[in-house]
Amino acid sequence: MTLSLARVAETDVPIPLFDLKRQQSRLRHDIDRRIARVLDHGQYVLGPEVGELEGRLASFAGVRHAIGVSSGRDALIMALMALGVGPGDAVFVPAFTFSATAAVVIAVGATPVFVDVDAATYTMDPARLCDAVAAARARGLAPRAVMPVDLFGRPTNYAALAAAAAQHGLAVVADAAQSFGAWQDGRRVGALAPITCVSFYPTKPLGAFGDGGAVLTDDDDLAAAVRQIRTHGRQGDGDEAMRIGMTGRLDTIQAAILLSKLSVFKAELNRRAEIAALYSARLAGVCTLPPADDAARSAWALYTVRIPARDRVRAALAERQVGTGLFYRVPLHRHPAFAHLLSGEEHLPVAEALADEVLSLPMGPDLTDEEVHTVADAVVDTL
Ligand SMILES: Cc1ncc(COP(=O)(O)O)c(C=O)c1O
């Protein structure tokens with residue numbers, strides 16, 4: 001869901017896809033105060049705000065460890081490095097997600113294997129995992145991990161996925177770039193998988209004013225490994241590299257901004273859910289609505305509908321100055337960067353159909369009811 005910087009700043013249409021300006025002005029005073037404090041103490045790298053944020057993220061999610069890192073992508077890379085995933089290994093990823101989900105697997109030298117998604121939830125279909133494991137084995141790869149994606153903020157069916165993963169001895173690494181704040185079966189994202197990776201990209205439900213991310217886990221050893229990896233493989237202030245690492249820390253200034261945003265996050269999540277309910281009430285029977293059930297509550301990073309006439313509706317909304325997004329127009333197996341990884345036997349019909357039909361409507365805690373009605377009415381009028 002990463003957008004170019006130009007797109008992030010695109011708030012000049014009356015109802016943009018994301019409106020970061022309103023939230024900023026709501027929180028501006030507190031954020032200015034927190035940034036000033038960082039400038040005063042001068043600990044720009046791993047300053048006290050990073051530790052404070054990590055504590056708050058861990059208790060919010062209900063896990064023992066949260067490690068602030070440089071981005072969602074780097075969180076995934078560090079999680080895979082901590083697990084020792086590397087060349088010859090297969091990592092199973094959904095075919096319908098942002099390209100970073102597959103790119104991080106390649107970055108650690110392993111091979112992403114694409115698994116189709118479930119038409120009802122848009123998340124990895126656990127029933128498809130067994131076939132993908134057999135196909136990977138046939139290609140001489142060692143099945144090592146599965147990386148489900150909580151698409152648009154809705155948690156994957158973790159119980160079913162964990163059962164399928166256990167059958168094949170796969171580690172589960174949650175790509176929760178879009179879903180921090182969501183919950184399932186009474187547990188929050190972060191506590192739903194052994195290791196969970198979150199993004200704080202500005203347009204995410206909990207967004208910084210730049211890049212950032214976190215790794216969440218209950219596993220002391222994995223947490224210690226990620227802490228080493230994010231600072232060049234060093235243990236604490238030691239000089240020796242204990243393992244191969246990277247520059248993977250969350251900036252102190254971003255942590256300060258995130259502390260401010262976290263203080264209103266629960267209220268914002270509730271407002272996002274209200275907006276989703278308003279959209280769904282207006283659009284029921286008009287298009288295929290995003291999944292909603294009692295077992296899982298989305299963080300509503302995006303409100304995404306399925307419409308066969310998607311391009312026509314999108315053009316009509318653009319004419320009415322309503323911003324929309326196409327997440328994702330291209331399934332992973334159709335990206336040129338991943339073409340060399342294909343076996344030629346990929347059968348991923350749900351991902352392909354979704355790519356042709358999904359349309360994301362404006363979403364964010366500062367949308368008014370009236371704006372939601374304007375957008376929904378514009379969709380209804382076009383169909
Ligand atoms: C599903 C998914 N995975 C990974 C990422 C990468 O996160 P970041 O942009 O923070 O590196 C994103 C971000 O857009 C994402 O949507």
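Computation of the quantities below employed the complete heavy-atom set of this structure, encompassing side-chain atoms and omitting hydrogens, waters and symmetry-equivalent molecules. Counting convention: from 1, in listed order, for ligands and their atoms alike.
Less than 4.0 angstrom separates some heavy atom of Thr101 from each of these atoms of ligand 1: 1 (C), 3 (N). Counting the atoms of ligand 1 from 1 in the order shown, those under 4.0 Å from a heavy atom of Ser199 are 7 (O), 8 (P), 10 (O). Distances below 4.0 Å separate heavy atoms of Ala177 from the following atoms of ligand 1: 2 (C), 3 (N), 4 (C), 5 (C), 12 (C), 15 (C). Within ligand 1, the atoms closer than 4.0 Å to a non-hydrogen atom of Val149 are 1 (C), numbered from 1 in the order shown. When each atom of ligand 1 is checked for a heavy atom of Gly72 under 4.0 Å away, the hits are 7 (O), 8 (P), 10 (O), 11 (O).
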### Task
For His65 and Val226, run side chain to side chain contact (heavy atoms under 4.5 Å, CB included): C-alpha distance rounded to whole Å, both residues' side-chain angles, the deciding distance at 0.1 Å, then the answer.
CA-CA 10 Å; His65 306 281; Val226 171; over 6 Å; no

### Task
Given salt bridge (Lys or Arg N to Asp or Glu O under 4.0 Å), test Lys261 with Glu268 step by step and report yes or no.
CA-CA 9 Å; Lys261 299 238 195 157; Glu268 290 193 348; over 6 Å; no

### Message
Arg34 vs Asp32, test: side chain to side chain contact (heavy atoms under 4.5 Å, CB included). Steps then yes/no.
### Response
CA-CA 6 Å; Arg34 289 176 189 268; Asp32 278 347; over 6 Å; no

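Geometrically, ligand 1 and Arg73 share a nitrogen or oxygen pair separated by less than 3.5 Å. By the 3.5 Å distance cut-off applied to N or O atoms, Thr97 is not counted among the residues near ligand 1. For ligand 1, the polar-atom distance check against Phe98 finds no nitrogen or oxygen pair separated by under 3.5 Å. The shortest N or O to N or O distance between Asp175 and ligand 1 is below 3.5 Å. Between Lys204 and ligand 1, a contact under 3.5 Å exists for at least one N or O pair.
Aromatic ring orientation, Phe96 versus Phe152: perpendicular (interplanar angle above 60°, classes split at 30° and 60°). Using cut-offs of 30° and 60° for the angle between ring planes, the Phe114 and Phe338 rings count as tilted.
What you find for Pro365 and Arg271 is that their closest heavy atoms are O-CG, 3.1 Å.
Side-chain atoms of Tyr303 and Val375, non-hydrogen and from C-beta on, never get closer than 4.5 Å to each other.
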